[in-house]
Amino acid sequence: MKKNLYALFAAGSGYRHKAGIATLSFLLLFSSCYSGYQVVSMEGQYIPVTETSRPDREVIEFINVYKTQMDQEMNQIVGHAAVDMYAAKPESSLTNLTSDVMMTLDTQYTGGDPIDFTLMNVHGHRSPIFKGEIKLGDLYNTYPFENELIVLRLKGEYVKELFDAYARMGGAGISSTVRLKIKNKEIVEALINGDPVQDDRIYTIVTLDYLAEGNNGMQALTKAVSADVPGITLRDHMIDYVSRMHAAGKPIESFTDQRIVIIE
């Protein structure tokens, strides 16, 4: 519950933004109901809500108890980053990190089958991971969504469709087991574990439930022959990995490695 509250508080500015839009929409709708009135000008400014004119002491005390506990939990150091990591296309250090960590999902969730590759959308990352200490709250900032990991089995002919979508969008997160070469938004080479994609082969893929639904141009994933949901969120999987590396005295680092190449 506390973790979900933290994710909500972290997105606070977004809620204020939406509230502003809703208010503006209401005013425009209200004015349109009266033919004698017209909007002649419009202006706006950002007004941060920092205090109320009549704060409720009991409510403040109630919130502060949980805020103190939450701050203590979120300030825990769970890892150490050796480099700054950002999310971008066609590939990036952060999308590569996330995709490769997804490859470490235990094969108990795949029926013992090895994972062929993983997929992750770029905008599933909401902040970079900076060099230095990694706090629990940092990982909540980077992975604020409740997206769950999902194991899909997809026929090769549809894997090709998937890679075609990657070519059109200019890349996204994908594991190091894949090598894509793209020219003029078309695939000129696609390899999985060093081999060309075979139309009739069934590939085991780990991705997010959001993408498995066909979002972000991933309609090919909806053609999977099976889908298994381990019940693990991406964020929890990343926290577990970073924490285990920290316990082993190993820093977190990731680099680009030409897994997606755009040929000019």
Side-chain angles (χ1 to χ4, degrees), residues 78-110 113-131 134 138-145 147-154 159 162-163 166 169-182 190-195 197 203-212 216 218 221 228 230 232-262:
V78 294
H80 185 275
V83 295
D84 291 337
M85 289 171 278
Y86 299 87
K89 296 179 180 181
E91 65 166 302
S92 65
S93 54
L94 187 51
T95 53
N96 286 359
L97 172 71
T98 304
S99 302
D100 289 342
V101 173
M102 289 165 67
M103 285 288 297
T104 68
L105 183 69
D106 197 300
T107 53
Q108 67 174 301
Y109 302 113
T110 68
D113 294 332
I115 300 167
D116 291 301
F117 64 96
T118 68
L119 303 171
M120 172 65 190
N121 56 319
V122 174
H123 296 298
H125 307 84
R126 288 300 178 173
S127 71
I129 293 178
F130 295 108
K131 181 179 180 179
I134 301 175
D138 296 329
L139 295 179
Y140 267 80
N141 287 331
T142 301
Y143 307 99
F145 305 112
N147 293 132
E148 289 194 31
L149 297 180
I150 186 168
V151 180
L152 301 178
R153 289 175 178 80
L154 189 67
V159 170
L162 196 62
F163 292 163
Y166 262 53
M169 72 175 67
I174 204 162
S175 60
S176 62
T177 53
V178 173
R179 288 292 185 271
L180 301 179
K181 289 184 180 179
I182 301 167
L191 303 175
I192 300 175
N193 291 314
D195 296 322
V197 181
Y203 292 87
T204 301
I205 306 167
V206 174
T207 187
L208 306 181
D209 52 358
Y210 171 75
L211 297 180
N216 204 50
M218 300 289 99
L221 291 177
D228 296 314
I232 302 170
T233 65
L234 171 64
R235 180 175 59 233
D236 285 346
H237 186 60
M238 296 301 299
I239 291 172
D240 179 67
Y241 175 82
V242 172
S243 299
R244 285 189 287 107
M245 292 289 283
H246 188 54
K250 298 178 181 179
I252 303 300
E253 59 183 348
S254 179
F255 307 93
T256 57
D257 58 8
Q258 303 291 295
R259 64 186 67 179
I260 300 179
V261 176
I262 306 294

Completion exercise
Residues passing the side chain to side chain contact (heavy atoms under 4.5 Å, CB included) test with T107, sequence neighbours excluded, are T110
Practice task
Just do the side chain to side chain contact (heavy atoms under 4.5 Å, CB included) check on I260 and I182 with the steps written out, would you?
Solution key: CA-CA 8 Å; I260 300 179; I182 301 167; 3.9 Å; yes
Exercise for the section: Look only at the side chain of R179 and the backbone of S176, and say whether a donor-acceptor pair between them is shorter than 3.5 Å. Expected result: yes
Handout entry: Taking every non-hydrogen atom, the tightest pair across T177 and M103
Key = CG2-CE, 3.7 Å
Practice task
May I have the step-by-step check of side-chain hydrogen bond (donor to acceptor under 3.5 Å, both in side chains) for T233 and Y143, ending in yes or no?
Solution key: CA-CA 10 Å; T233 65; Y143 307 99; over 6 Å; no
Fill in the blank from the handout: Residues passing the side chain to side chain contact (heavy atoms under 4.5 Å, CB included) test with P251, sequence neighbours excluded, are H80, A82
Problem - Qualifying residues under side-chain hydrogen bond (donor to acceptor under 3.5 Å, both in side chains), relative to S92, sequence neighbours excluded - result: T95
Fill in the blank from the handout: Hits for side chain to side chain contact (heavy atoms under 4.5 Å, CB included) against K89, two or more places apart or cross-chain, chain-then-number order -> V122, M169
Handout entry: Sequence-distant partners of S93, side-chain hydrogen bond (donor to acceptor under 3.5 Å, both in side chains), two or more places apart
Key = none
Practice task
Check step by step if side chain to side chain contact (heavy atoms under 4.5 Å, CB included) holds for L208 and I150.
Solution key: CA-CA 6 Å; L208 306 181; I150 186 168; 5.7 Å; no
Practice task
Identify the two heavy atoms, one from G173 and one from S99, that lie closest to each other, and give their separation to 0.1 Å.
Solution key: C-OG, 3.3 Å
Practice task
Test V242 against V101 for side chain to side chain contact (heavy atoms under 4.5 Å, CB included), laying out the working first.
Solution key: CA-CA 9 Å; V242 172; V101 173; over 6 Å; no
Completion exercise
By side-chain hydrogen bond (donor to acceptor under 3.5 Å, both in side chains), T256 pairs with (sequence neighbours left out) none
Handout entry: Contact list for residues 116-129, test salt bridge (charged side-chain N to carboxylate O under 4.0 Å, His left out), sequence neighbours left out
Key = D116-R201
Practice task
Taking the side chain as every heavy atom from C-beta outward, state whether L180 and V261 have any pair of such atoms under 4.5 Å apart.
Solution key: no
Completion exercise
Residues passing the side chain to side chain contact (heavy atoms under 4.5 Å, CB included) test with A81, sequence neighbours excluded, are M85, I129, I134
Exercise for the section: Please step through side chain to side chain contact (heavy atoms under 4.5 Å, CB included) for the pair D257 and E91, ending with a clear verdict. Expected result: CA-CA 9 Å; D257 58 8; E91 65 166 302; 3.3 Å; yes
Fill in the blank from the handout: So salt bridge (charged side-chain N to carboxylate O under 4.0 Å, His left out) across residues 96-106, not counting sequence neighbours, yields D100-R259
Fill in the blank from the handout: Here the pair of heavy atoms bringing H246 nearest to V78 is CB-O, 3.0 Å
Fill in the blank from the handout: Sorted by chain and number, sequence neighbours left out, ring pair (Phe, Tyr, Trp, His ring centres under 6.0 Å) with Y166 holds for none
Problem - Any residue meeting ring pair (Phe, Tyr, Trp, His ring centres under 6.0 Å) with F117, in chain and number order, not counting sequence neighbours - result: F163
Handout entry: Exercise: identify the closest heavy-atom pair between L119 and M102
Key = O-CE, 3.3 Å
Handout entry: Those residues that, when tested against H237, pass side-chain hydrogen bond (donor to acceptor under 3.5 Å, both in side chains) (two or more places apart)
Key = T104
Practice task
Return yes if some donor-acceptor pair links the side-chain N/O of N141 with the main-chain N/O of S127 below 3.5 Å, else return no.
Solution key: no
Handout entry: Interatomic distance, I174 atom CD1 to N96 atom CG [nearest 0.5 angstrom]
Key = 10.0 Å
Exercise for the section: Kindly say whether F130 contributes a backbone atom to a donor-acceptor pair with the side chain of D84 at under 3.5 angstrom? Expected result: no
Handout entry: Minimal non-hydrogen separation, L105 against P230, with atom names
Key = CD2-CG, 4.2 Å
Exercise for the section: Could you tell me whether the side chain of D228 and the main chain of V151 form a donor-acceptor pair under 3.5 Å? Expected result: no
